[in-house]
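The structure under discussion appears below in the form of structure tokens.
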Amino acid sequence: MEYGFSAIEKKWQEAWKMNNAYRVSNDPSKPKYYVLDMFPYPSGAGLHVGHPLGYIASDIFSRYKRLKGFNVLHPMGYDSFGLPAEQYAIEHGIAPAISTDRNIDNFRSQLDKIGFCYDWDREVRTSNPNYYKWTQWIFLQLFDSWFDRKAQKARSINDLIVIFKAEGNTNTPCPGDKKLVFSAAEWNSGDSSKQSEILMKYRLAFCGVGEVNWCEALGTVLANDEVINGVSERGGHPVVKKKLRQWYLRITEYAERLLAGLQTVDFSDSMKDMQTNWIGKSFGAEIDFEIAAANTSASASHLKVYTTRPDTIFGVDFMVIAPEHELITTITSPEQKKAVEEYLEYVNSRSERERMAEKKITGVFSGAYCKNPFNGVLIPIWISEYVLAGYGTGAIMAVPCGDERDFKFAQHFSIPITNIIGQFFNGNEANPTKEARLENSGFLDGLLMSDAITFSLDKLEELGIGKRQTNYKMRDAAFSRQRYWGEPFPIVWKNDIAIPLSSTALPIELPELSDLKPGPDAQGPLANLPEWLSYDGGAREVNTMPGYAGSSWYFLRYMDPQNDSEFCSRAASDYWGQVDLYIGGTEHAVGHLLYSRMWTKVLFDLGHIGFDEPYKRLVNQGKIGGDSRLVYRVRNSKQFVSAGLKDDYETDEIHVDVSLVDGFLLDMEGFKKWKPDFSDATFITEDGEYKCGARLEKMSKRYFNVVNPDDIVEKYGADTFRMYEMFLGPVEQDKPWDTKGIEGVHRFIRKFWRLFFDAEKGLVATQTPADAASWKVFYKMLKKVEEDTARFSFNTAVSGFMIGVNELTDLNCHSIELLKKFLIILTPYAPHICEEIWQQIGEVGSILDASYPVVDETYLVETSKEYPVAVNGKTRIILNIDLNATQADVEALVLKEPMIAKWLEGKPPKKIIFVKNKMINVVI
RNA sequence: GCCCGGGUGGUGAAAUUGGUAGACACGCAAGACUUAAAAUCUUGUUCGCUGUAAAGCGAGUGCGGGUUCAAUUCCCGCCCCGGGCACCA
């Protein structure tokens, strides 16, 4: 009987579907385990073999946990709102809703072929009104909340109103406007429009005017993590700063908790580093410098700077303020007015991209000075774009001997440099050390800089000219997009006041819209729909939410996907709790993962769920690269030269479809038919063969190196495909795809099949009990495979199976008693073949619900070991020695060996090292 | 520039706590079966040297040093590759 994988896999995929084999319910009698994949954006390109890597790993782990008796939640869905569908619609005139559905059908059919154990009854689609109803509902929760800094948690905005009525905002400083201070009386006398304006500055989801990343080509704003080197992550279009009214998430209020939460989760160090750096916490001081020039108004008598190095205050040679700094107009001296204006104009003309590409040293002197509070020295105030308005106070004290940027600036503008670190400063470059002893530093003289930091902070606070301050690099996240294909906001504007709609009005459905051209004044396409726009005496918000809105909470919806009255019942979220294992790529390090961590914390603070970190453990799968093939066309000809001879010609390299190449050998006839351009190609061959060049690069359509999992499954079967993806190497690692290597895994599966079936004789597995040697092989394998699976080392687990099959074949083991246990442990990796054989050998029930076997240690007890015996660390012989042997026994045995005697040359050894169960080393 | 990963045969890789480097595969070579092919099986395969063989000797985990009886593993310095951040004061 042959192994007919196509029929077997089709049969079981249908049977499992019919029997709802993967349906999971909230069963409190079993321990739960939640395994989650980052759900895909259903792009038109479909899946290539790189995509399922993480899905296969999580599927294996889910099935393993299920066999171990866990109630496993393993859902899948689609992140189906987003820019590409909209762009596709603009280019091809197909409505996003239609192209998205089509893409999802394609994804689904590809996923189904691989045999995943998803409970499809729990599928979510972020663009489905049943889903985004709750995205909008969570938005309302964010809108109706503020962050209580003392309690470090989100609270209802109504609580804040109570506080304002009683005491104003003196004890609850405004996160959106540091200068905003009002009393209870002032609050109570204000009109409702004034009050709304104030509350907006506290809300966790708020509307404000700010500098945003505007992408003209995409016609929308982008979040910081969607902009890479001044261009859009998607499409690579230029991005400029623009002032726009926008919705934001006040994620900065959660900076501290997002940081602290990292200590409680199991993410890779690099992932934690990325998030930590993005949050960018730093400790330092805000220091007030008195402005010395007479031409300043009383309200601007001080310049506030932020520094992490208050110990260097005697080394301050100039101040630098950002071009956007509010003091510029008041402090600029009449003589410098023109120069300053010209400079500001120049700065405005430069795009973000230009600033990043050419880091020129630019700046202008304001004409004003401030005074060093400790020695009264006058310090010139400069304006330069290298100081960022959005960070700290938008002003710095420049210490050229200790800071590279300050040093270069001082050099460029010939500003004299004060040396406060003696020998540590060589005059050619700044030295940011903290190890120097301070000089020229007044009361700090002689102190080690690292000690002087605390000392100077104390002094500044004592004198009331400065205070300790913690800053974060992270900014509030832009939360609106001027696009169509996203969640509409449940907001109506009346008299410039944002009115939240009642949760009973949800979902606010996205209206159908055939023409997706932008609306007027950088508004989204929804602004073109007057009948939709006008609502209840006001105007609807026309922006839509960004892609990360729906993905910030989808893991909760899977727990209770059909719920019409809640986003997720508390009973469901209490039962399933945190995601135990989350698998996905690193590209979401600072976007999705941070937002979704924040939303979880807010929902926790407001009492909707019982945990405040969504993902207990995160595993990042690597990317699978494509192995491209290249042909070389002799320039200006139709001749193609084989790779080995190409250096003799001037050639252009062309990517060729990998399916036209066997190894490196080109199918020349196939190549001619591939594209009309090549139909009359001629070849300069090596002995009649055309060899292609190769290159490892991203798997992508334009390199013609995409391998479709459908083709692999058709040729080798899903079970082989699954195991081969795992066998390629560690899941976390990037690695190239090589279709040839799959033969080894396919051979293994067929060899496994032959333990049960013979081509002529049919079933050869028997009821005869297995011998001890076979059991030993099996339990050794079980131990290895289980340990490896548990630690996500799937590649070595596959090799464990291979060793097991090889050894059982050698032992001629066909015992059903043993092999049925083998079937169970192989099931997570190769479910179809295992279920088929399980039924063939007459087992009742599905193998999916079998119980995982337990290692019987009695078969693994060893009485002796093959010890490597080394001389001076170099292994010379192997000796079989009883495990109970003592040091003296071992020494006697070793010294008797002629091979060892040869090395000793008659002399006694210096020492004999004996590590039980490990090795023996003779030192001479 | 800063912060993370990583560098092991022709290739993918293994070595979990400092203890036999290269498991398991691919590829390649030789052979068996076959009219032939596919499939399957057997043997060999880190490199160099000696040997008909069995075997032996030497080198070897990016480079240079160190600690140790023993280093792919720990320490110091450097080189290269991948990823992230980047005027964050």
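Proteins come first, then strands; the chains are lettered A, B, ... in the order of their sequence lines, and each starts at number 1.
- A/R475 comes within contact range of at least one nucleobase, with a heavy-atom separation under 4.0 Å.
- Phosphate contact (OP1/OP2 of B/rA38, side-chain N/O of A/R747, threshold under 4.0 Å): absent.
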note = Contact string for nucleotides 74-81 of chain B, one letter per nucleotide 5' to 3', B = base within protein heavy-atom range under 4.0 Å, S = sugar-phosphate only, - = neither, reads --------
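- Closest approach to the A/N277 side chain among B/rC26, B/rG60, B/rC3 is made by B/rC3 (side chain taken as heavy atoms from C-beta onward).
- With sequence neighbours excluded, no residue forms a ring-ring contact (aromatic ring centres under 6.0 Å, His included) with A/F289.
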Contacts under 3.5 angstrom, residues 269-276 of chain A side chains, donor-acceptor by atom type, not counting sequence neighbours:
unit_1: A/S270; atom_1: OG; unit_2: A/S268; atom_2: OG; d: 3.4
unit_1: A/K272; atom_1: NZ; unit_2: A/L262; atom_2: O; d: 3.0
unit_1: A/K272; atom_1: NZ; unit_2: A/V265; atom_2: O; d: 3.0
unit_1: A/Q275; atom_1: OE1; unit_2: A/R597; atom_2: NH1; d: 2.7
unit_1: A/Q275; atom_1: NE2; unit_2: A/A589; atom_2: O; d: 3.1
unit_1: A/T276; atom_1: OG1; unit_2: A/K272; atom_2: O; d: 2.6

inquiry  = Dot-bracket, 5' to 3', for RNA chain B please: Watson-Crick or G-U pairs under 3.5 Å, [ ] where pairs cross earlier ones, | where the partner sits on another strand, dots elsewhere.
reply    = (((((((..(((......[....)))((((((.......))))))(((((....)))))..(((((..]....))))))))))))....
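- Residue A/R876 has its side chain nearest to B/rG58 when only B/rG19, B/rC87, B/rG58 are considered.
- The side chain of A/W753 contributes no N or O atom lying less than 4.0 Å from OP1 or OP2 of B/rU40.
- A salt bridge does not link A/K623 to A/D734: none of the charged side-chain nitrogens sits closer than 4.0 Å to a carboxylate oxygen.
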key: Where protein sits on nucleotides 4-13 of chain B, one letter per nucleotide: B base, S sugar-phosphate only, - none, heavy atoms under 4.0 Å   = S-------BS
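- With B/rC69, B/rA89, B/rA21 as the candidates, the nucleotide lying closest to the side chain of A/S282 is B/rA89.
- For the segment residues 388-400 of chain A, residues with any heavy atom less than 4.0 angstrom from an atom of RNA chain B are, sorted by number, A/L388, A/Y391, A/I396.
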